[in-house]
Every structure is written in C-alpha cells, then in structure tokens.
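Computed over heavy atoms, backbone and side chain alike; hydrogens, waters and symmetry mates excluded.
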Amino acid sequence: VTFCMPCVYYIICMYVHIQSLLRAIANYQIDGFPPKEQLKTVFVDTDVQGFKKQQNVAEYCHATVGADTGASLQDCIDMLLSVGFTKGVRGGVADVDMPITGLSGGWRMKLALARAMLRKADILLMDEPTNHLDVLNVQWVVDYLTGEQCKDVTSLIVSHDTKFLDNVATHIIHFADLKLDKYKGN
C-alpha cells in the first residue's frame with residue numbers, strides 16, 4: 001500500500017488478530033516498512049498496562065510519552081487540557097490528577113490521542129476508535145481526525161462504525177481472502 005499524506009484509510013478486515021498487525025506496524029516489524037526515522041507510526045492504544053494503573057492521568061501520559069519525545073510533565077498536562085481534561089476542578093469528570101482507572105472509554109480515547117499528538121505521529125493506527133464512546137465523543141474524534149491537528153497525518157482505522165467512517169475515510173481497503181482491494185472513501 002502506498003500512503004498519501006494526509007489520508008484516512010479504513011481497513012475492512014477479516015483478520016482475527018488485527019491489533020497484533022497494528023502493533024507490528026507501530027513497532028516497525030513489517031518487512032519493507034519505512035524506519036521510524038522516516039515515518040513515525042503510533043498505535044492509539046486505550047489499554048492501560050497493569051503496573052501503570054495506579055498513576056494519575058498526567059503521570060501516566062508523561063511516563064508513556066516523555067522518554068520517547070522529551071515532553072515534560074507540563075507539556076503532557078497542557079496537551080491533556082487542550083483535548084478537554086481539567087486541572088483542579090473539584091468533581092471534574094476527567095481531571096489530570098485523577099486515577100487513570102477512573103476514566104471512561106471516551107476519556108481513555110482522548111488520553112490516547114493526546115499521547116499520539118505528543119509523539120507527533122505521521123501515521124495513526126486505530127482499532128475501533130469509537131467503541132465505548134457517546135455521540136459527543138465520537139464527534140470529537142471525527143473533528144480531531146479531520147481537523148488542523150491531523151492535516152498532515154495518515155490514519156489506518158479498523159472500525160465497524162459506518163457513520164464514523166463516512167465522516168473520516170478518504171480511502172477504503174477491503175482485506176479478505178489474503179487480498180487487498182482499494183476503494184474511494186466517503
């Protein structure tokens with residue numbers, strides 16, 4: 001597949017282990033895939049590793065991104081605030097100081113996208129990005145992927161949410177029977 005920038009590719013996939021494939025791409029384990037010095041790929045992962053579950057949102061963001069990017073804790077907080085998190089709001093739904101385990105699926109997706117933004121990805125790899133999201137958060141993801149922040153970013157998205165895909169996909173790749181077929185999106 002040749003990637004044009006920016007594009008959003010939707011992969012219709014019968015592949016059982018799609019997350020493994022996306023992780024292999026993100027970890028540069030695919031033969032012939034450009035190295036990270038040429039093309040930065042980020043798997044947008046909403047899963048929280050067990051040993052990091054005790055951290056608050058800002059600490060988790062910094063622990064998982066800071067070493068790779070040089071981002072400071074304050075850079076992480078600023079990015080989190082830019083995607084809708086709060087700081088110091090008593091009873092806030094998603095505060096940067098709250099335990100990460102207290103986040104809903106929608107807020108975990110926003111956290112994952114904030115982490116990807118800090119990594120300055122060329123390609124976002126997303127597996128079912130609208131799962132567990134309410135209508136407002138689905139629209140937030142659409143606005144993010146089609147907005148200024150992603151104008152130079154390609155996204156590879158695996159999703160069954162056809163309305164979401166109608167709003168973001170520029171190209172569709174159908175993967176079945178070990179073959180790829182490409183179609184125009186939207």
Side-chain angles (χ1 to χ4, degrees), residues 1-49 64-65 68-69 79 82-84 104-186:
V1 175
T2 303
F3 299 105
C4 59
M5 301 285 274
C7 291
V8 177
Y9 284 88
Y10 161 56
I11 301 174
I12 301 172
C13 189
M14 300 301 142
Y15 189 71
V16 175
H17 302 287
I18 191 63
Q19 242 190 33
S20 297
L21 174 62
L22 294 178
R23 286 184 194 281
I25 294 169
N27 292 325
Y28 305 94
Q29 298 170 327
I30 304 293
D31 287 341
F33 199 80
K36 60 182 151 190
E37 296 78 27
Q38 290 179 336
L39 192 66
K40 184 131 191 151
T41 61
V42 175
F43 179 59
V44 179
D45 193 0
T46 58
D47 290 336
V48 179
Q49 298 157 348
T64 57
V65 176
D68 295 343
T69 65
M79 183 61 72
S82 80
V83 299
S104 68
W107 285 106
R108 283 184 188 222
M109 177 53 67
K110 286 184 178 186
L111 170 60
L113 286 169
R115 292 170 53 229
M117 292 163 66
L118 285 163
R119 288 187 171 111
K120 298 177 178 30
D122 295 311
I123 298 179
L124 293 175
L125 306 168
M126 306 175 83
D127 183 17
E128 299 291 353
T130 59
N131 274 4
H132 314 295
L133 300 186
D134 60 22
V135 173
L136 292 175
N137 280 313
V138 169
Q139 187 59 51
W140 184 90
V141 174
V142 168
D143 293 343
Y144 171 77
L145 291 173
T146 59
E148 192 65 25
Q149 311 93 311
C150 284
K151 70 177 179 148
D152 296 322
V153 177
T154 294
S155 298
L156 292 176
I157 300 170
V158 176
S159 179
H160 294 89
D161 185 341
T162 55
K163 185 176 178 186
F164 167 74
L165 293 169
D166 284 342
N167 290 316
V168 299
T170 59
H171 297 79
I172 296 173
I173 298 172
H174 182 230
F175 177 53
D177 300 322
L178 299 176
K179 291 172 43 178
L180 295 174
D181 293 312
K182 182 178 168 187
Y183 306 97
K184 187 86 173 134
N186 278 333

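- Note that the CG atom of Leu113 and the CE atom of Met79 stand 10.5 Å from one another [nearest 0.5 Å].
- Summarising the geometry, atom CZ belonging to Arg23 is positioned 9.0 Å from atom CG belonging to Asp127; distances are rounded to the nearest 0.5 Å.
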| Test log, rule side chain to side chain contact (heavy atoms under 4.5 Å, CB included), inputs Thr130 and Met109 | CA-CA 8 Å; Thr130 59; Met109 177 53 67; over 6 Å; no
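- The two atoms that bring Leu124 and Cys150 nearest to each other are CD1-SG, 4.2 Å, heavy atoms only.
- Atom-to-atom distance recorded for Leu39:CG and Thr154:OG1 is 8.0 Å, nearest 0.5 angstrom.
- Thr146 contributes atom OG1, which lies 14.0 Å from atom NZ of Lys151 (distance to the nearest 0.5 angstrom).
- Shown here for Ile30 and Ala24, the closest heavy-atom pair between the two residues is CD1-CB, 3.8 Å.
- Distance CD/Gln149 to CG/Asp143: 9.0 Å, rounded to 0.5 Å.
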| field | Full working for side chain to side chain contact (heavy atoms under 4.5 Å, CB included) between Val135 and Val138 | value | CA-CA 5 Å; Val135 173; Val138 169; 5.7 Å; no
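- Between Gly84 and Trp107, the closest heavy-atom pair is O-CH2, 3.3 Å.
- When the ring pair (Phe, Tyr, Trp, His ring centres under 6.0 Å) test is applied to Tyr144, the partners found at least two apart in sequence or on another chain are Trp140.
- Paired with Leu22 under the rule side chain to side chain contact (heavy atoms under 4.5 Å, CB included), one option of Leu125, Asn27, Ile157 passes, and it is Leu125.
- Residues Gly106 and Asn137 come closest through the heavy atom pair CA-ND2, 4.1 Å.
- Among residue pairs with one or both ends in residues 112-121, those qualifying as salt bridge (Lys or Arg N to Asp or Glu O under 4.0 Å) are Asp68-Arg119; sequence neighbours excluded.
- Looking at every heavy atom in both residues, Phe164 comes nearest to Ser159 through CD2-OG, 4.1 Å.
- Separating the OG1 atom in Thr41 from the CG atom in Leu156 is a distance of 9.5 Å, to the nearest 0.5 Å.
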